[in-house]
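Reviewing the structure listed below.
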Amino acid sequence: MPELPEVETTRRRLLPLLLGRRLREIRHQDPFRYRHTERAAGRRVEGVGRRGKFLLLSLSGGLEAVVHLGMTGSFRLERTPHTRAEFLLEGEVLYFHDPRRFGRILVVEAGRYEEVPLLRRLGPEPLSEAFTFPGFLQGLRSARPLKALLLDQTLVAGMGNIYADEALFRARLSPLRPARSLGEEEARRLFQAIREVLSEAVALGGSTLSDRTYRQPDGLPGRFQERHAVYGRAGLPCPACGTPIAKRVVAGRGTHLCPRCQT
DNA sequence: ATAGGCGCCTGTAAGC
DNA sequence: TGCTTACAGGCGCCTA
């Protein structure tokens, strides 16, 4: 699932392809999922940014293309059976591939996110200076289970199911723990674990799961899945203690944990 | 305020 | 073998 590391990897791969190039057209047949894309015609790409799981393309004329990959969205250099939109550049085409169609594209005036409420309430970027321990501690004053809070995007931007499970494992905290029950030392562990897991995953190009849906634009898979300690490893031994990894539903999501290490 | 459930989608895996 | 059903999940939305 594209989470922060996959979206960041996508951003880095797209940067040399898009920066300074003119976008002739964003072509598609789905004006409900891909909105106001006609505004992008003829604009030059002036920047390729990211906020949480949103990809933000700065366009000339004070516009911005907001792209969310959803669950199965990715950019490809070649057409696929699940190509849903085409970014026609001068002399090249970038294909937006999205089998399950949860992805969205929206062209807005730069910074005007009225039509993207989630983008407006997004929490701090975990790999930036904006993510501070005092702020994080403040956000933990909730009775909600840690897993729910990590997925919420308000406490911290960009975490999804994989990295929430991996971060909780590294912090040795149960996904079910009410956030406000954490002591300061535990909160510190979680804060660090979030940053470590995400930065390692970015360095390895994200995670490509067994369904192989997530790909970099050149078709290469990520490599962080080889480092997963708990995600997708139900029944396999915990790398720390050997206890079989458990899988249960927390906050409505499949959740993987070591019942012995995580308390 | 928050939890739970559904709907959106489609490919894949499991079950009969 | 071939069919049906369950499941995966990011996010919005509705209800309790």
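Letters go in sequence order (proteins before strands), and every chain restarts at 1. The structure displayed is predicted, hence computed values, not measured ones.
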(request) Using a strict 4.0 Å threshold on nitrogen-to-oxygen distance, state whether A/E78 and A/R76 make a salt bridge. (result)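 Here A/E78 does not pair with A/R76 in a salt bridge, since their nearest N and O are not under 4.0 Å apart.
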(request) Decide, yes or no, whether a salt bridge links A/E166 with A/R170 under the criterion of side-chain N to carboxylate O below 4.0 Å. (result)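 No salt bridge links A/E166 with A/R170.
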Take the protein atom [atom1] of [X] and the nucleotide atom [atom2] of [N], then report the distance between them rounded to whole Å.
{"X": "A/K53", "N": "C/dG10", "atom1": "NZ", "atom2": "P", "result": "5 Å"}
{"X": "A/R248", "N": "C/dG9", "atom1": "CZ", "atom2": "P", "result": "16 Å"}
{"X": "A/R253", "N": "C/dG12", "atom1": "CZ", "atom2": "P", "result": "12 Å"}
{"X": "A/R100", "N": "C/dA6", "atom1": "CZ", "atom2": "P", "result": "17 Å"}
{"X": "A/L4", "N": "C/dC11", "atom1": "CG", "atom2": "P", "result": "11 Å"}
{"X": "A/R104", "N": "C/dC13", "atom1": "CZ", "atom2": "P", "result": "11 Å"}
{"X": "A/D152", "N": "C/dG9", "atom1": "CG", "atom2": "C1'", "result": "16 Å"}
{"X": "A/L151", "N": "B/dG4", "atom1": "CG", "atom2": "P", "result": "13 Å"}

(request) Give the nucleotide from the list B/dT2, B/dC9, C/dC11 with an atom nearest to the side chain of A/Q153. (result)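 Side chain of A/Q153 sits closest to C/dC11.
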(message) Can you identify which nucleotide, out of B/dC9, C/dC11, C/dA8, has its nearest atom closest to the A/R33 side chain?
(response)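 So the nucleotide nearest the side chain must be B/dC9.
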Which class fits the ring pair [X] and [Y]: parallel under 30°, tilted 30 to 60°, perpendicular over 60°?
{"X": "A/Y163", "Y": "A/F224", "value": "tilted"}
{"X": "A/Y231", "Y": "A/H228", "value": "perpendicular"}
{"X": "A/F75", "Y": "A/F96", "value": "tilted"}

So, OP1 or OP2 of [N]: does either fall under 4.0 Å of a side-chain N or O from [X]?
{"X": "A/Y163", "N": "C/dG9", "answer": "no"}
{"X": "A/R101", "N": "B/dC8", "answer": "no"}
{"X": "A/K247", "N": "C/dC7", "answer": "no"}
{"X": "A/H82", "N": "B/dT10", "answer": "no"}

(request) Determine the contact category for A/P145: base if any of its heavy atoms lies under 4.0 Å from a base atom, sugar-phosphate if only primed atoms, P, OP1 or OP2 are that close, otherwise nothing. (result)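 Contact class for A/P145: sugar-phosphate only.
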(message) Regarding B/dA3, can its base be found pairing with the side chain of A/R144 as donor and acceptor, where the two atoms are less than 3.5 Å apart?
(response)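 It does not, because no donor-acceptor pair links the side chain of A/R144 to the base of B/dA3 below 3.5 Å.
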(request) With the side chain counted from C-beta on, respond yes when A/R253 and A/P175 share a heavy-atom pair under 4.5 Å apart, and no when they do not. (result)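 No - every pair of side-chain heavy atoms lies 4.5 Å or more apart.
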(message) Go nucleotide by nucleotide along DNA chain B from the 5' end; which of A/F102 and A/S142 gets its closest nucleotide reached first?
(response)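 This one resolves to A/S142.
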(message) Please say yes or no: joined through hydrophobic side-chain contacts below 4.5 Å, possibly via intermediate residues, are A/L4 and A/L149 part of one cluster?
(response)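 Yes; tracing contacts between hydrophobic side chains, which count when under 4.5 Å, links both residues.
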(message) Please determine whether the number of non-hydrogen atoms from other residues, nucleotides or ligands lying under 6.0 Å from atom CZ of A/R11 exceeds 12.
(response)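 Yes, because the 6.0 Å sphere around CZ of A/R11 holds more than 12 heavy atoms from other groups.
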(message) Surrounding CD of A/E129 (heavy atoms of other residues, nucleotides or ligands, distance under 6.0 Å), is the total greater than 12?
(response)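 Open: at most 12 neighbouring heavy atoms sit under 6.0 Å from CD of A/E129.
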(request) Mind grabbing the angle between the end helix axes of the helix from B/dT2-C/dA16 to B/dC16-C/dG2? Five pairs an end, 10° rounding. (result)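 About 60° separates the two local helix axes.
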(message) Tell me if a side-chain donor or acceptor on A/E109 pairs with a main-chain N or O of A/G62 at a distance below 3.5 Å.
(response)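 Side chain of A/E109 to backbone of A/G62: no pair is present.
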(message) Using a strict heavy-atom distance below 4.0 Å, which residues from residues 108-118 of chain A are in contact with DNA chain C?
(response)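 Here the set is A/L118.
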